[in-house]
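Working notes, structure below.
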Amino acid sequence: MQFDESIIRNVVAQVLAEVGNAPPATSGFTGRYGIFDCADEAVRAAREAFEKLSERTIEDRKRIIDHIRRISIDQKVELGTMEMNETKIGRLAHKIEKLELLGRKTPGVEFLRSEVYSGDHGLAVIEHAPFGVIGCITPVTHSLPTITGNAVNMIAGGNTLVVNPHPSGKKVAAEGVRRFNKAIYDDLGIDNLICVVAEPTLESADLIFHHRDVAMICVTGGPAVARAALNSGKKAVVAGPGNPPVVVDETADLDRAARCIIQGGAYDNNLLCISEKEVFVVNSVFDEMMRAMERAGAVRLNGSEIDRLTSVAITEYGDPGKKKQVAAKEFIGQDAAVLARAAGKNISSDVELVFGETDEHNPFVPVEQMMPFIPFVRCHDVDEAIEKARYYEHGFRHTAIIHSNNVRNMTKMGRMMDTTLFVKNGPCASALGVGGEGYISFSIATPTGEGVTTPLTFTRERRCSLIDDLCILGHPAKG
Ligand code: NAD
C-alpha cells in the first residue's frame, strides 16, 4: 500500500493544530507565494510573515500595498476575465471595474492615526496595533476583489491574512494571491503576507476559525458563514447578507430614480450585497415610475411572465418543515436576457435590467435574489412604503435607499431602517465612494457593526501613558 506523504503531513499538522500544539513556525515557506493545500501550513506561513512584517516600517507597508494596488489595476482585464470564466456569474466589464475600484479606493496606511490626550497629568497616546494573522472567508460574488480590499486594509494595519475562498472562485483567488506575493517578495523579500487555501472546504474554514495562531476572523458572505463566524469564539468582523429595499416617494425625480435603480440593480447582474433588490413606490407616481424605468432602458415583464420567471428562478432549500425560499443557483448573476427568456420573452442582450409590478408576497421581494430582475410594489403612501422596506430588509441593517426630495421622508426612513448604509438619490454604490463621497471595501460589516472596513477595523488600541511630564502647556503649581 502506498501513502501520499503530503496527505500524512497535512493530517498530522491538522491534529497538532487542533490540540493547540502546532510546531513553531519555520522559515520553510518562502517561495510558496501564498498558495497552500493545507490550511494549517497556510496559517503558520502567515504567522511567520507577520513576524517579519512587524520588523518593517509603515513606509514598507505602503510599498507592499502599492504592489497589490498596481496588480489589481494593471492586470484587471486578465484577472477579471479569469474571475468571470471561473465563477460564470455577473458581467465581465464589472468584474474588471471592481478590481480597479478596489485597487484604487481601498483605504491604506494613510488611514492610520493616533490619538493624544494631553493635560495636567501628562500625556497619553493611543496607537493602533495589528492583531496578527487574520482568517478571511470570501464570497463567490467577488472572489479576488474582496481579497484585494481585505489585503490592503489588513496589511495597512500591520496584519497578515489567510483566505479560505469560495470553492467556485478558488482559482482566481490563488492566482491573484500568487501575483501579489511574488511582486512583494521580489521587492521587499517577504513572502506569504497573503496566504490562500488552494482547495478550500468547510473543514479548512473550520480549522482557520479555531487555529491558535489566528487572532481574528473576517467573513464576507451569507447567513451560514455569518453564523459560523459568530460561533467561532474569536473576535469576528462579519460582513453579512443584505436585501436592500428602495423607496420612491411622490417628490422624487423619477427619471433620475430610474437611472439609479438600473445602474445599481444591474451592476454585475445584481451580485453586490448593496444592490437594489426590491422597490416600494407610492401609488400616485407608481405608473409614471414604471414608464420612467422603460425610458431609462429597462424592460418590463407582465404578470404572467413574472410568474413564469418566479417558478424557475426561486427555489426552496432546507429540511422538510423548515424550508426557505432562496434564489436558484442557475439564475444567480445571469444576464437580464436569460431571465427574460425564462419568463418567455425575447429581449436584446444589451438590456441590463428587467422589472415588473408584483405584490409584496412575490418571493423576489423577501429573497436576496442576486439577479437583474427587480420587483416593484405599489404602496398607498410613503409611510407604508417605508414600513414595507423595513420589514423586507429583514433586520440585516445592511443597506437602504430612498429617492425623494422631502427631507422629512428621508429622515423618517433613515431612522426606521437603522441600516449601515443609507443612500438618498443615488445608486447603491455611491455609498462606497463610487459617485458619492467616502471610501470602498467589499466587506461591509453589518451584524458586528464596523461598517465599511478600513485598516483601523483590523487594529487593537494600545495606550501609552507618561505621568506628569511632556505636557508643555501652562505652569502647573509645583506639587
Ligand atoms: P455564501 O454564504 O454561499 O459563501 C460565502 C463564503 O462562506 C464562501 O467562501 C463559502 O464557502 C463560505 N461558507 C459558507 N458556509 C460556511 C460555513 N458554515 N462555514 C465556513 N464557511 C462557510 O455566499 P456567496 O454566494 O459566496 O456570496 C453572496 C452572499 O454574501 C450574499 O448573501 C451577500 O449579501 C453576501 N455578501 C456580503 C457582503 C458584505 O460586505 N456585507 C459582501 C459581499 C457579499
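Every number for a ligand or one of its atoms is a count from 1 in the order of the listing.
- Looking only at heavy atoms of the protein, atom 27 (O) of ligand 1 is closest to Pro139 CB, 3.3 Å.
- Here atom 19 (N) of ligand 1 lies nearest to Leu202 when heavy atoms of Asn164, Leu202, Asn231, Leu272 are compared.
- One option in Thr399, Thr446, Val225, Leu421 has a heavy atom closer to atom 21 (N) of ligand 1 than any other, and that option is Val225.
- The protein non-hydrogen atom at the shortest distance from atom 12 (C) of ligand 1 is Ile137 CG2, 3.6 Å.
- Looking at atom 40 (O) of ligand 1, its nearest protein heavy atom turns out to be Ile444 N, 2.6 Å.
- If you check which protein heavy atom lies closest to atom 34 (O) of ligand 1, you get Glu368 OE2, 2.5 Å.
- For atom 25 (O) of ligand 1, the nearest protein heavy atom (residue, atom name, distance) is Val140 CG1, 3.7 Å.
- Looking from atom 43 (C) of ligand 1 to the surrounding protein, the closest heavy atom is Thr220 CG2, 3.5 Å.
- More than 12 heavy atoms of other residues, nucleotides or ligands shown are found within 6.0 angstrom of NZ on Lys234.
- Scanning all heavy atoms of the two residues, the minimum distance from Thr138 to Ser143 falls at CB-O, 4.4 Å.
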Hey, can you pull the donor-acceptor pairs under 3.5 Å for the side chains in residues 258-266, sequence neighbours left out?
none

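- The aromatic rings of Phe442 and His142 sit tilted, their planes meeting at an angle between 30° and 60°.
- Within a 6.0 Å sphere centred on CZ of Phe376, heavy atoms belonging to other residues, nucleotides or ligands number more than 12.
- Nearest non-hydrogen protein atom to atom 20 (C) of ligand 1 is Ala205 CB, 3.6 Å.
- Here the two rings, on Phe355 and Phe373, have centers that are 6.0 Å apart or farther.
- The nearest pair of heavy atoms linking Val140 to Glu83 is O-OE2, 4.1 Å.
- Inclusion of His142 in the set of residues having an N or O under 3.5 Å from an N or O of ligand 1 is not warranted.
- Summary of contacts: the protein heavy atom closest to atom 2 (O) of ligand 1 is Gly222 N, 2.8 Å.
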